[in-house]
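Computed from heavy atoms alone, side chains included, the values below leave out hydrogens, waters and symmetry copies.
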Amino acid sequence: MSLLVVGISHKSASVALREQIAFVPEAFDDAHSSLLQVKGVRGAMLLSTCNRTEILIAGEVQADLVYQWLAGYQKADLAALQSAGYAFADGEAAKHLMRVAAGLESLVLGEPQIFGQLKSAYAVAKESGAIDSELHRAVQHSFNVAKRIRTETAIGENPVSVAFAAVSLASRIFDSLASTTALLIGAGETIELVAKHLVEQGVQNVLIANRTLANAAQLAERTGGHAILLSDLPNHLAEADIVISSTASQLPILGKGAVESAMAVRRGNPMFIVDIAVPRDVEPEVESVDGVYLYTVDDLKDVIDEGMRQRHEAANAAEQIVHEGVGQFEHQVRTRASAGAITDLRDSVASIKDAELRKALSQLQAGVAPEQVLQRFAHSLTNKLLHQPTTQLRQAGVEQNEELVTTVRALFALDHDQSKSED
């Protein structure tokens, strides 16, 4: 099997490049179909989050070919993509996949959301018919390793996430969050986590804006907030001390003009904005508006680093589990590689045995003495089984192929048998 991972992440690429490469949910089906047309690709899976876009491939294909496909499909600059990208093959690819599944490659060490995102990516790829048996085994093995890490280490304790980091940063801007009004844009898992952390910090007035009012209402009911339509955002923006946005929109939701209008109404009161989305929900120009503090996911890194120390020891234990998982994966690959040879060998020997057995039965029916039949059967079976190996060994001697001779001795434990006979 050949396993390949090609991608970019928050560690290697800017927000600008990541948002250019990110896949919208509607594109996954077509993208998987297109990937399967690339020469050498047998199976494929796309993972696209705000912090990474990765392509997992089963097949015989070079990383450059995948970069070319990605640059062409997303209309990106190939040189920039290759410069910021990374590629892992076979065991290293499996290791990377396990680390991603366990949250060891995440912006927030050990965060659990990536595991759910990977499971969703797998389900989408499977629905698209892009998951072959090799890719299935590799992904499922990474899931098993990630589950073991969650069970056996403290990697998930002392929760730290992008959502928590955003709220922690807000607490540095305002003396007390209890008296603030928070406006959350979106209704996904990240926004729900943000709402939860805000409520824990004492925020009592939370507005949740979404294109679909029903989705916003459901989240508002769970978190004690108030739902509004995204189209009503301009009417409520001036109320917000804190704005945190995380949607899947391909275009900015908050522009400089809307924020300037809101700040005029606020009369100097500061507004704290965190744009967690990739592509960005907030125009970068908003940062120039007086009284506005604008942060992106990349700006949260320093805040997140403060919460990482408590997870480092758990991460070391997790790395050991990943190491064991890679060993198990490579052993399984080697075992499957030899399985075909074992099957062919058994089939070949069984064919010779059946042919000789038919001869022996025919001789018995003809009245030949059983002892004579057995001797002929044993002699002929031995000669047939050893004919091809003996021929190859003789040729190895002529060609001085000592490696083959050594392999045969080890395969049939001939050195061991010889030592026993000498005793």
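Rounded to the nearest 0.5 Å, atoms NZ (K196) and CD (Q201) are 12.5 Å apart. With values rounded to the nearest 0.5 angstrom, L36 atom CG is found 9.0 Å from D132 atom CG. From E200, atom CD reaches atom CG of L177 across 12.0 Å, with rounding to the nearest 0.5 Å. Atoms CG and CG, on L230 and N210 in that order, are 7.0 Å from each other to the nearest 0.5 Å. Going from atom CD of Q363 over to atom CZ of R376 covers 5.0 Å, rounded to the nearest 0.5 Å. Atoms CG and CG, from L213 and L229 in turn, are 4.5 Å apart once rounded to the nearest 0.5 Å.
The list of ring pair (Phe, Tyr, Trp, His ring centres under 6.0 Å) pairs with a residue in residues 43-78, not counting sequence neighbours, reads F23-Y73, W69-Y73. Applying the side chain to side chain donor-acceptor pair (under 3.5 Å) test to every pair with at least one member in residues 385-399, sequence neighbours left out, gives these pairs: Q395-E399. Listed by first then second residue, pairs satisfying salt bridge (Lys or Arg N to Asp or Glu O under 4.0 Å) with a partner in residues 222-233 read E192-R222, not counting sequence neighbours. Applying the salt bridge (Lys or Arg N to Asp or Glu O under 4.0 Å) rule to pairs touching residues 95-120 yields K11-E105, R99-E105, R99-E319, sequence neighbours excluded. Listed by first and then second residue, the salt bridge (Lys or Arg N to Asp or Glu O under 4.0 Å) pairs involving residues 49-59 are R52-E54 (not counting sequence neighbours).
Shown here is E330, whose CD atom has more than 12 heavy atoms of other residues, nucleotides or ligands within 6.0 Å. For H312, the NE2 atom is densely surrounded, since the number of other residues' heavy atoms within 6.0 Å is greater than 12. Summarising the local packing, CD of Q250 is surrounded by more than 12 heavy atoms from other residues, nucleotides or ligands at distances under 6.0 Å. The number of heavy atoms from other shown groups lying within 6.0 Å of CD (Q140) is above 12. For E152, the CD atom sits in a packed shell: over 12 heavy atoms of surrounding residues, nucleotides or ligands are nearer than 6.0 Å.
When all heavy atoms are compared, the tightest approach of A44 to L35 is CB-CD1, 3.9 Å. Scanning both residues, L219 and A187, for their nearest heavy atoms gives CD2-CA, 3.8 Å. Between A63 and A87, the closest heavy-atom pair is CB-CB, 3.7 Å. Looking at every heavy atom in both residues, L183 comes nearest to A240 through CB-CB, 3.6 Å. Residues E283 and P252 approach most closely at CG-CB, 3.7 Å, considering heavy atoms. I57 and L135 get closest at one heavy-atom pair: C-CD1, 4.3 Å.
Taking the side chain to side chain contact (heavy atoms under 4.5 Å, CB included) definition, one finds that E287 meets it with L294, sequence neighbours left out. A80 meets the side chain to side chain contact (heavy atoms under 4.5 Å, CB included) test with D77; sequence neighbours excluded. Every salt bridge (Lys or Arg N to Asp or Glu O under 4.0 Å) that D298 has, sequence neighbours left out, goes to R18. Listed by chain and residue number, Y122, I131 satisfy the side chain to side chain contact (heavy atoms under 4.5 Å, CB included) test with K126 (two or more places apart in sequence, or in another chain). Judged as a salt bridge (Lys or Arg N to Asp or Glu O under 4.0 Å), and not counting sequence neighbours, E189 has no contacts. Evaluation of the side chain to side chain donor-acceptor pair (under 3.5 Å) rule for T153 yields no partner, not counting sequence neighbours.
In this structure a side-chain-to-backbone donor-acceptor pair under 3.5 Å is missing from E285 to K256. Within the 3.5 Å criterion, the main-chain N or O of N215 finds no donor-acceptor partner in the side chain of T212. Distance alone, capped at 3.5 Å, places no donor-acceptor pair between the S83 side chain and the A79 backbone. Looking only at distances, no side-chain donor or acceptor of Q113 sits under 3.5 Å from a matching main-chain atom of T190. Formation of a donor-acceptor pair under 3.5 Å by the S168 side chain with backbone atoms of F164 is found in this model. Between the side chain of S2 and the backbone N or O of E60 there is no donor-acceptor pair closer than 3.5 Å. One N or O on the side chain of T151 and one on the backbone of K147 form a donor-acceptor pair closer than 3.5 Å. The main-chain N or O of L207 is never found under 3.5 Å from a side-chain atom of H226 such that the two would form a donor-acceptor pair. At distances below 3.5 Å, at least one donor-acceptor pair connects side-chain atoms of H32 with backbone N or O atoms of F28. R150 places a side-chain N or O within donor-acceptor distance of the main-chain N or O of G110, the cut-off being under 3.5 Å.
Looking at heavy atoms from C-beta onward, K39 lies out of side-chain contact with V61 at the 4.5 angstrom threshold. Residues I21 and L70 form a side-chain contact, since some pair of their non-hydrogen atoms from C-beta on lies under 4.5 Å apart. Put simply, the side chain of D241 does not reach to within 4.5 Å of the side chain of M271, judged on heavy atoms. With contacts defined as side-chain heavy-atom distances shorter than 4.5 Å, the pair I114/Q117 qualifies. At least one side-chain heavy atom of L385 sits less than 4.5 Å from a side-chain heavy atom of L381. Residues H141 and Q332 are in side-chain contact: their nearest non-hydrogen atoms beyond the backbone lie under 4.5 Å apart. Using a 4.5 Å heavy-atom threshold, the side chains of R211 and S249 count as touching. Residues I208 and I228 have side chains not in contact (no heavy-atom distance under 4.5 Å, counting atoms from C-beta outward).
A donor and an acceptor atom, one from each side chain of T247 and D281, are located under 3.5 Å apart. H379 and N383 share a side-chain donor-acceptor pair at under 3.5 Å. For the 3.5 Å distance criterion, the side chains of S128 and D29 qualify, holding a donor opposite an acceptor.
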L233 vs L254, side-chain contact (heavy atoms from CB on, under 4.5 Å): CA-CA, chis, key distance, verdict = CA-CA 9 Å; L233 199 58; L254 277 184; 3.8 Å; yes
Criterion side-chain contact (heavy atoms from CB on, under 4.5 Å) on L118 and F143, from CA distance to verdict = CA-CA 9 Å; L118 256 176; F143 289 166; 4.0 Å; yes
Could you give me the CA-CA distance, side-chain angles and deciding distance for L56 and L3, then say whether side-chain contact (heavy atoms from CB on, under 4.5 Å) is met?
-> CA-CA 7 Å; L56 182 62; L3 188 67; 3.8 Å; yes
Where do V282 and I253 land on the side-chain contact (heavy atoms from CB on, under 4.5 Å) test, with the steps shown first?
-> CA-CA 6 Å; V282 183; I253 291 172; over 6 Å; no
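The distance between the ring centers of Y86 and F88 falls below 6.0 angstrom.
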Show me, pair by pair, the donor-acceptor contacts under 3.5 angstrom made by side chains of residues 345-356, not counting sequence neighbours?
unit_1	atom_1	unit_2	atom_2	d
E356	OE1	S380	OG	2.6
E356	OE2	S380	OG	3.3
E356	OE2	K384	NZ	2.9

